[in-house]
Amino acid sequence: MTTLGPRLVVAGTHSGVGKTTIATGLMVALRRAGHTVASAKVGPDFIDPGYHSLATGRPPRNLDAWMSGLELIGPLAARAGTDADITIIEGVMGLFDGANDGSPSSTADIAIELDAPVALVVDGSSMSSSVAALVQGYRDHRPELRFAGVILNRVSTERHRTLLIEALAAIDVPVLGTIARDDAMTWRDRHLGLVPVDEQPDEVRASLERLGGAVGDGCDLERVMAIATAAPGRTVDAPQTPAPGSPVPIAVAGGPAFTFQYRDNIEALQAAGAELLPFDPLVDEHLPDGVAGLIIGGGFPEVFAPRLADNRRLLDEVAHAVGDGLITWAECGGLLWLSRSLDDRSMAGVIPARTTMSDRLTLGYRTATAATDTPLALAGSVLRGHEFHYSVCEPGGDALQLTSRFDMRSEGFGSPTMLATYLHQHLAAAPERAERFVQSCREADRHR
């Protein structure tokens, strides 16, 4: 058993309202005030948690009820907040937005499950008295929500600030902070959202410090801490972990091109006995010595395609090793790297397909049925995951049968030694997948 400590959910009225800026700035400001700050991100996002990790100095965490199940949200939040004075949980999209099938997955669902107070970030620009109607609707839409107050973003002048605060006072909603409009606080953007911190960590670190100063000056940090500390204490089960086995060396792609890995996946693999050995496909010409498995997660290989293609020695080595039976798991960006080509640049050629970038976003949760045995699951097994990409793979493969509310199709490439797919999986609710993968690596290594 474990305990949920002080916690605060920072939610937005909609995407683009600046909740990532405010949530991350609060983490920095509270850390600078002497508090040990933990973080988590609602939903399947990889990039925001990277900013959180840099802001707090702690591992990035996700709370995704659709992939892990609502019953694991408490244990995962408690794991995130271990030994912290406060856990700041950044929401996803708008406060009530979630999976299109209606399953519990929204920021509100997570906040209610955790009995956590919610600070609502509101874009105050181009609005004065109307802010009361907007906030009243959010406050009253789900009465069971523990609504703590509002942080006003993009406030233009002191007069504007006064008008907004007066409007909210009329409906008895506390204002926890006001942040002035400042174009310097606009995050760098890319086709899948923010630019990952691994690409320019020093620049991002300096920006975070400036952001923390602005948010710290604009918010009542003592009040924020008091609200979080007043959240009811709760005892929850500890997350399940696989049974450990003998250590198995497994190569894990990293570096700026491959930054998408859930921390819970890493810990599940390690708990199952994996010794994870990082390598950077941009600069390393060889896999780590003696590895029994290979994991290539997602990221932005398309941004680095020329450099990846130029590292021919590594690509050829990987093609030979995977073809020779090296146990392999590739997700999204990893699928692109293992394909024959990415936008006409030659890649590893392990997968008999070509990948190209498009202007069409493929996004959403998926239920997947394995059509063949792979190192993660037997044929017929049902997996849950998430897609988020602008690329197209031709042919698309048939290792998984993906279904969602509005779509059904085949996708991915699988064999007893490999799964390469667009589907991102979160192993917190399925530690047996980590155990199967590591055991597959262990057994294959014995027979080499």
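Please read all numbers here as calculations on a predicted model, not as lab measurements.
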Residues pairing under salt bridge (Lys or Arg N to Asp or Glu O under 4.0 Å) where one sits in residues 215-238, two or more places apart or in two chains, turn out to be none
- Distance-only, no hydrogens or angles: does the S53 side chain make a donor-acceptor pair with backbone N or O of R58 under 3.5 Å? yes
task = Using only heavy-atom distances, determine whether the side chains of S156 and R181 contain a donor-acceptor pair under 3.5 Å.
result = no
Applying ring-ring contact (aromatic ring centres under 6.0 Å, His included) to F147 and Y138, what does each step give before you reach the verdict?
CA-CA 9 Å; F147 195 91; Y138 276 84; 8.4 Å; no
Salt bridge (Lys or Arg N to Asp or Glu O under 4.0 Å) pairs touching residues 12-40, sequence neighbours excluded, are R31-E209, R32-E209
Under 3.5 Å donor-acceptor, Q425 side chain and R384 backbone = no
Taken in chain and number order and not counting sequence neighbours, the residues that satisfy ring-ring contact (aromatic ring centres under 6.0 Å, His included) with H141 are F96
### Task
Using distance alone, with no hydrogens and no angle criterion, decide if D64 and Y365 have a side-chain donor and acceptor under 3.5 Å apart.
yes
Taking 4.0 angstrom as the limit, do R79 and E267 come out as a salt bridge? yes
Residue pairs meeting salt bridge (Lys or Arg N to Asp or Glu O under 4.0 Å), one or both in residues 269-291, sequence neighbours left out, come to E285-R313
Item to complete: Show the numbers, then the answer: is there a ring-ring contact (aromatic ring centres under 6.0 Å, His included) between F279 and H286?
Response: CA-CA 8 Å; F279 72 102; H286 301 282; over 10 Å; no
**Asked** Is it true that a side-chain atom of N62 and a backbone atom of F46 form a donor plus acceptor pair closer than 3.5 Å?
**Response** no
Residues at least two apart in sequence or cross-chain that pass side-chain hydrogen bond (donor to acceptor under 3.5 Å, both in side chains) with R405, listed by chain then number, are none
Sorted by chain and number, sequence neighbours left out, side-chain hydrogen bond (donor to acceptor under 3.5 Å, both in side chains) with D101 holds for W66, S103
Those residues at least two apart in sequence (or on a different chain) that pass side-chain hydrogen bond (donor to acceptor under 3.5 Å, both in side chains) with D123 are S125, R154
Exercise. Between T24 (side chain) and T21 (backbone), is there a donor-acceptor pair under 3.5 Å?
Worked result: no
With sequence neighbours left out, the residues meeting side-chain contact (heavy atoms from CB on, under 4.5 Å) with S346 are R312
- Could you verify whether a donor N or O on one side chain and an acceptor N or O on the other, from D407 and S404, lie under 3.5 Å apart? no
Strictly below 4.0 Å, N to O, side chains only: are E394 and R354 in salt-bridge contact? no
Sorted by chain and residue number, the side-chain hydrogen bond (donor to acceptor under 3.5 Å, both in side chains) partners of T36 (sequence neighbours excluded) come out as none
Applied to residues 163-173, the salt bridge (Lys or Arg N to Asp or Glu O under 4.0 Å) test, sequence neighbours excluded, yields none
Contacts of H35 meeting ring-ring contact (aromatic ring centres under 6.0 Å, His included) (sequence neighbours excluded), chain-then-number -> none
* Asked: Do the side chain of T107 and the main chain of A11 share a donor and acceptor less than 3.5 angstrom apart?
  -> no
Could you pull out all donor-acceptor pairs under 3.5 Å where a side-chain atom in residues 37-44 meets a protein atom, sequence neighbours excluded?
| residue | atom | partner | partner atom | Å |
| --- | --- | --- | --- | --- |
| K41 | NZ | D48 | OD2 | 3.1 |
| K41 | NZ | E90 | OE2 | 3.0 |
| K41 | NZ | G91 | O | 2.7 |

ask   = So, T56 side chain and H52 main chain: donor-acceptor pair closer than 3.5 Å or not?
value = yes
Without swapping roles, check the side chain of T162 against the backbone of E158 for a donor-acceptor pair under 3.5 Å. yes
key: Donor-acceptor contact below 3.5 Å, side chain H426 vs main chain H386   = no
- Message: When you measure from the side chain of E411 to the backbone of Y422, do you find a donor-acceptor pair of N or O atoms at a distance under 3.5 Å?
- Response: yes
